[in-house]
Amino acid sequence: MKAFAKINLALFITNRLPNGYHALETIFAPINWFDELSFEPSDRLEMTCSDPEIPSDETNLCLRAAKLLQDFTATKDGVKIHLQKHIPHGAGLGGGSSDAALTLKALTNFWQLDISQAKLKELAVSLGADVPYFLSAQTLTYATGIGDQLFDLEATFPAAIVVAFPSVRVSTAWAYKNLRLNFPRTAPDLKALTLKLCVSRDLEILRRFENDFEPTVLPAFPAVKKLKDIFCYDVNADFALMSGSGSAVFGVYEHLSRAEDVARQLSAEYAVSLTPPFFSPQEAQNQTD
């Protein structure tokens, strides 16, 4: 099964909460970059991974998700998980969260568990703030709170997206620690702007979209700034932004043919994904099932 990544079309950090977390407003968009997970019967919980840099022990989000589900339902079943890793980690694309969400969904079926979607979401929240999004990540989604309060916009993005990874990783904890923002702050009406964009297909609306991590990350990571500049000035994206807390950067293109040319050009130096207009993870999953 495929676990698809996401980008943040916009990311505004609006407040610091008493518990140390930050309140935010963002638009999640699924992209055609995915990890692959397989599940086999086992008498215990075990895991392998194609990327030796990623731990396969109980600290891995997939095994944590499996253990959480096992404990909650008191099932005695085990599983052997294999993770074929393609989404870069430390890139702001939510790969680990997507893997965890897919593990929850897959094992619910694999172990034939009787568990409600509401309870599954509670388990997802305990694994990470954006894990709940990936339980159903099919369309554009507005998120607030710490990223866990979700509003499905029931729309797909009308332009092509090229995402590139500059081979440096940015720690989310570092990015939050080094924020220099005055709180509270007000974000534009991301829901209304995104829905207007989807109806009108006017990419100029994206000029209202920002990522509040960029002023912190770009000066500290020259490779990320270089990639953003390439999208803005060398390959002339209609809009470009860093995703999440970095380090991946994406460019939006009105025409798929232009996006395909850019993806080919950038792939000589970067890991790259191309997402066509109106992309649906469910349709992409079904095409290979």
Side-chain angles (χ1 to χ4, degrees), residues 1-8 11 17 19-31 33-39 45 47 49 54-75 77-79 81-83 85 87 89-154 172-173 176 243-245 280-282 284-285:
M1 300 179 69
K2 295 177 178 178
F4 289 88
K6 59 78 184 167
I7 57 167
N8 301 79
L11 176 54
L17 304 176
N19 61 7
Y21 284 92
H22 288 76
L24 57 85
E25 294 185 45
T26 188
I27 300 291
F28 290 128
I31 59 169
W33 206 341
F34 54 85
D35 293 337
E36 295 171 286
L37 288 112
S38 60
F39 305 87
L45 298 181
M47 180 176 179
C49 181
I54 294 177
S56 298
D57 58 16
E58 64 278 358
T59 63
N60 187 284
L61 271 175
C62 292
L63 277 187
R64 286 175 56 196
K67 183 71 165 65
L68 203 60
L69 200 57
Q70 194 183 55
D71 289 347
F72 177 75
T73 61
T75 182
D77 293 332
V79 67
I81 303 170
H82 177 69
L83 170 59
K85 192 69 183 164
I87 304 168
H89 57 281
L93 301 175
S97 295
S98 184
D99 296 339
L102 179 57
T103 300
L104 288 175
K105 290 191 296 181
L107 291 184
T108 297
N109 293 324
F110 193 66
W111 289 338
Q112 298 182 311
L113 302 174
D114 182 16
I115 182 170
S116 68
Q117 282 299 114
K119 178 50 69 173
L120 211 57
K121 182 181 177 181
E122 282 183 36
L123 297 180
V125 170
S126 71
L127 290 167
D130 58 357
V131 178
Y133 163 71
F134 288 103
L135 287 176
S136 60
Q138 298 302 317
T139 56
L140 297 173
T141 299
Y142 167 76
T144 187
I146 59 172
D148 60 330
Q149 298 175 33
L150 305 172
F151 183 87
D152 186 351
L153 298 179
E154 298 181 358
T172 301
Y176 272 113
S243 180
S245 57
S280 163
Q282 187 63 55
Q285 182 86 259

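As the structure is a computational prediction, the values presented were derived from the model and not from experiment.
The NZ atom of Lys85 sits 4.5 Å away from the CD1 atom of Ile54 when rounded to the nearest 0.5 Å. Distance check, rounded to the nearest 0.5 Å: CG of Asn109 to CZ of Phe39 gives 10.5 Å. Here the CG atom belonging to Leu123 is positioned 6.0 Å from the CZ atom belonging to Phe72, to the nearest 0.5 angstrom. In this structure, the separation between CG on Leu24 and OG1 on Thr144 is 6.5 Å, given to the nearest 0.5 Å. Atom CG in Leu140 sits 11.5 Å away from atom CD in Glu154 (nearest 0.5 Å). To the nearest 0.5 Å, the span separating OG1 on Thr108 from NZ on Lys119 amounts to 13.0 Å.
Between Met1 and Ala106, the shortest heavy-atom contact is SD-CB, 3.9 Å. Contact detail for Pro30 and Pro281: the closest heavy-atom pair is CB-CG, 3.5 Å.
Not a single donor-acceptor pair under 3.5 Å links the side chain of Asp77 to the backbone N or O of Thr75. The backbone N or O of Gly92 sits less than 3.5 Å from a side-chain atom of Ser243, completing a donor-acceptor pair. Looking at Thr26, its side chain never comes within 3.5 Å of a backbone N or O of Tyr142 through a donor-acceptor pair. In this structure, the side chain of Gln285 engages the main chain of Lys2 through a donor-acceptor pair within 3.5 Å.
Remark: of the listed residues Thr103, Leu45, Val79, Leu45 is the sole one forming a side chain to side chain contact (heavy atoms under 4.5 Å, CB included) with Leu63.
Under a cutoff of 6.0 Å and an axis angle of 45°, Lys6 and Phe28 do not form a cation-pi pair.
Other residues, nucleotides and ligands contribute more than 12 heavy atoms inside 6.0 Å of the CG atom of Asn19. More than 12 heavy atoms of other residues, nucleotides or ligands shown are found within 6.0 angstrom of CD on Gln149.
Looking at Leu120 and Leu69, their side chains come closer than 4.5 Å, going by heavy atoms from C-beta outward. By the 4.5 Å heavy-atom criterion applied to side chains, Thr141 and Ile27 are not counted as neighbours. Leu37 has its side chain within reach of Ile81: a pair of non-hydrogen atoms, C-beta onward, lies under 4.5 Å apart. Side-chain contact between Leu102 and Asp35: absent, with no pair of heavy atoms (C-beta onward) separated by less than 4.5 Å. Residues Leu61 and Asp99 have side chains not in contact (no heavy-atom distance under 4.5 Å, counting atoms from C-beta outward). You'll find the side chain of Cys49 stays beyond 4.5 Å of the side chain of Asn60, heavy atoms only.
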Which atom pairs, one a donor and one an acceptor, fall under 3.5 Å between side chains of residues 127-139 and the rest of the protein, sequence neighbours left out?
{"residue": "Asp130", "atom": "OD1", "partner": "Ser97", "partner atom": "OG", "Å": "2.6"}
{"residue": "Gln138", "atom": "OE1", "partner": "Gln282", "partner atom": "N", "Å": "2.7"}
{"residue": "Thr139", "atom": "OG1", "partner": "Asp152", "partner atom": "OD1", "Å": "2.5"}

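A search for ring-ring contact (aromatic ring centres under 6.0 Å, His included) contacts involving Tyr21 returns nothing, not counting sequence neighbours.
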